[in-house]
There are 2 protein chains.
Amino acid sequence: MKISELSDQTGVSIATLKFYLREGLLRPGTLTAPNQADYGESHVRRARLVRALREVAHLSIAQIAAITGALDRGEELYDVMGVTVDSLGERPAAFTPAQEAAAAEVDRLLATLGLPAREESLARQQLVVSFEAVREMLFPGLPVEALVPYARAAEDVVRAEVAATPGIFSVDPEQVLERAVLGLTLFEPILLAFRRLTHEKLVVDHLEGTAPPEAGPD
Amino acid sequence: MKISELSDQTGVSIATLKFYLREGLLRPGTLTAPNQADYGESHVRRARLVRALREVAHLSIAQIAAITGALDRGEELYDVMGVTVDSLGERPAAFTPAQEAAAAEVDRLLATLGLPAREESLARQQLVVSFEAVREMLFPGLPVEALVPYARAAEDVVRAEVAATPGIFSVDPEQVLERAVLGLTLFEPILLAFRRLTHEKLVVDHLEGTAPPEAGPD
DNA sequence: GGATATTGGACAGTGACACTATCCGATAGT
DNA sequence: ACTATCGGATAGTGTCACTGTCCAATATCC
């Protein structure tokens with residue numbers, strides 16, 4: 001398969017495919033001549049993966065490069081997941097004192113929840129930054145325990161995901177990693193969309209006089 | 001308060017504040033002279049809101065402008081929430097046929113869940129796009145019902161949020177809207193971070209041979 | 001076998017984005 | 001009086017994700 005066919009099958013323009021090749025998101029095809037390369041099914045899957053990561057999960061090229069790099073280096077599932085989780089987060093930047101304090105509390109919570117908390121985990125970092133922002137702007141003095149419902153909700157969806165994919169760990173190993181990456185990223189927008197819609201519904205309900213029980217008579 | 005003080009109190013550079021003024025994210029201060037303006041507490045809050053939306057929620061200036069615009073126009077909570085929910089989503093772009101089909105199913109699901117599904121809702125759009133991507137790349141033929149756990153999880157967290165903020169609808173009306181926007185956006189990264197950490201834990205557990213049963217004793 | 005199209009690869013250019021810098025004449029503070 | 005800072009307008013910067021152009025070397029069609 002040459003690049004024009006790869007382009008046809010994936011809907012990605014040749015110019016963009018070349019760009020991905022340059023950036024290392026796509027492995028070079030096997031050269032059959034100085035100016036003739038051959039691409040296979042794995043290239044098609046990879047190109048689609050990159051597009052999904054760009055358009056659905058909104059990752060940057062650099063973030064995707066980190067993931068495909070781990071994939072191409074043949075790393076273990078654990079490492080690929082770690083890299084992917086980190087790719088979804090943001091650049092470090094040192095914590096402010098307030099964030100340091102929040103970090104300590106967050107770590108404590110994560111420990112009681114039995115969640116991993118690699119020091120450099122960007123998910124942990126994101127948790128700290130957001131939690132601190134919430135405390136500063138929305139609920140001063142909010143205890144970390146207030147985050148437990150979010151952890152529970154996350155646990156519930158992950159449990160549902162596992163239940164829905166019984167064979168996940170026993171499929172073609174070449175594709176397990178890709179699928180894990182896709183599963184991790186593609187469902188994020190779904191979860192957020194439902195939360196947003198639920199918030200909207202909440203307001204609608206309120207305006208219709210169906211004030212939630214807890215809330216005052218306003 | 002003049003612009004330099006506003007800058008000091010918010011940590012936003014004068015150049016950036018001027019940029020926000022130009023873009024309409026920040027209302028102009030009251031002029032006391034052709035080149036002297038006075039800013040107040042609401043400007044401090046607004047500048048902080050903009051920063052939180054940029055740095056924590058990762059919204060673009062255009063998305064933030066849509067939100068602050070609704071805020072400044074004095075729109076009702078319902079409209080502000082709608083605008084905010086939409087700001088969190090992405091550009092429309094016409095649906096592909098496959099997405100149209102997915103949209104019909106998603107709408108059916110939303111109806112049974114009692115969630116609002118404004119045709120132009122970007123949350124709905126995001127749901128459709130992501131669901132279709134999942135079906136195309138991960139689980140061909142996946143029924144929409146598979147999304148129910150996500151809706152349930154979202155409902156759970158929103159319920160917890162409402163329970164945690166009893167007086168939400170009966171506070172200073174000027175700030176209710178700002179707080180609603182912050183609540184909607186600031187907790188998103190938290191929910192996602194927990195899901196990512198839970199996925200990581202899942203893999204660790206698996207590697208240790210502790211294949212997750214239905215519900216662990218935890 | 002000769003004309004035309006396409007290829008892989010290198011490199012320059014583009015448009016959007018979020019600032020950042022510079023300049024201006026007017027005013028504030030000392 | 002004189003320096004610093006002001007608001008406002010305009011231009012410039014760096015990054016990002018492509019996109020376009022050029023090249024000599026094939027491939028393809030007649």
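Any value given below was found using the heavy atoms of this structure, including those in side chains, with hydrogens, waters and symmetry copies removed. Each chain gets a letter, A, B and so on, in the order the sequences are listed, and its residues count up from 1.
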With sequence neighbours left out, which residue pairs that include part of residues 146-156 of chain B fulfil the salt bridge (charged side-chain N to carboxylate O under 4.0 Å, His left out) condition? B/Arg152-B/Glu155, B/Glu155-B/Arg159

Can you tell me how far apart CG (A/Leu17) and OG1 (A/Thr10) are? Round to the nearest 0.5 Å. 5.0 Å

Residues which pass ring-ring contact (aromatic ring centres under 6.0 Å, His included) with B/Phe187, listed by chain and number, not counting sequence neighbours: A/Tyr150

Roughly how many Å is it from CD in A/Glu23 to P in C/dC11, rounded to a whole number? 14 Å

Once each nucleotide of nucleotides 23-30 of chain D is scored for protein heavy atoms under 4.0 Å, what B/S/- sequence comes out, 5' to 3'? --BSSS--

Holding to salt bridge (Lys or Arg N to Asp or Glu O under 4.0 Å), I want the full list of residues that pass it with B/Arg54, two or more places apart in sequence or in another chain. none

Pairing residues for A/Glu55 by the salt bridge (Lys or Arg N to Asp or Glu O under 4.0 Å) criterion, not counting sequence neighbours: A/Arg51

What pairs meet the salt bridge (charged side-chain N to carboxylate O under 4.0 Å, His left out) rule with one or both residues in residues 134-145 of chain A, with sequence neighbours excluded? A/Glu105-A/Arg135, A/Arg108-A/Glu145

It should be established whether A/Tyr20 places a side-chain nitrogen or oxygen under 4.0 Å from OP1 or OP2 of nucleotide D/dC18. yes

Please list residues of residues 3-19 of chain B whose heavy atoms come under 4.0 Å from any atom in DNA chain C, ordered by number; otherwise none. B/Ala15, B/Thr16, B/Phe19

From CG of A/Asp38 across to C1' of C/dG8 the rounded distance in Å is 13 Å

ring-ring contact (aromatic ring centres under 6.0 Å, His included) partners of A/Tyr39, counting only residues at least two apart: A/His43

To the nearest angstrom, the CD-C1' distance between A/Gln63 and D/dT15 comes to 14 Å

Just the rounded figure in Å: distance from P of D/dA17 to CZ of A/Arg22. 13 Å

Can you tell me the distance, in whole Å, between the CG atom of A/Leu21 and the C1' atom of C/dG9? 10 Å

DNA chain C contacts made by residues 44-54 of chain B, counting heavy atoms under 4.0 Å: B/Arg51, B/Arg54

Hey, could you give me each pair passing salt bridge (charged side-chain N to carboxylate O under 4.0 Å, His left out) that has a residue in residues 26-44 of chain B? Not counting sequence neighbours. B/Arg27-B/Asp72

In chain order, what residues pass the side chain to side chain contact (heavy atoms under 4.5 Å, CB included) check against A/Arg22, with sequence neighbours excluded? A/Lys18, A/Phe19

Atom pair distance, as rounded to whole Å: CG in A/Leu26 and C1' in C/dG9: 15 Å

Quick one: salt bridge (charged side-chain N to carboxylate O under 4.0 Å, His left out) pairs with a partner in residues 118-130 of chain B, sequence neighbours left out? A/Glu200-B/Arg118, B/Asp86-B/Arg118, B/Asp107-B/Arg124, B/Arg118-B/Glu120

Could you tell me the separation between the CD atom of A/Glu55 and the C1' atom of D/dC18, rounded to a whole number of Å? 12 Å

Looking only at atom types and distance, does a side-chain atom of B/Glu132 sit under 3.5 Å from a main-chain N or O of B/Gln99, one as donor and one as acceptor? no

Expressed in angstrom and rounded to an integer, what is the separation of B/His58 atom NE2 from C/dC19 atom P? 13 Å

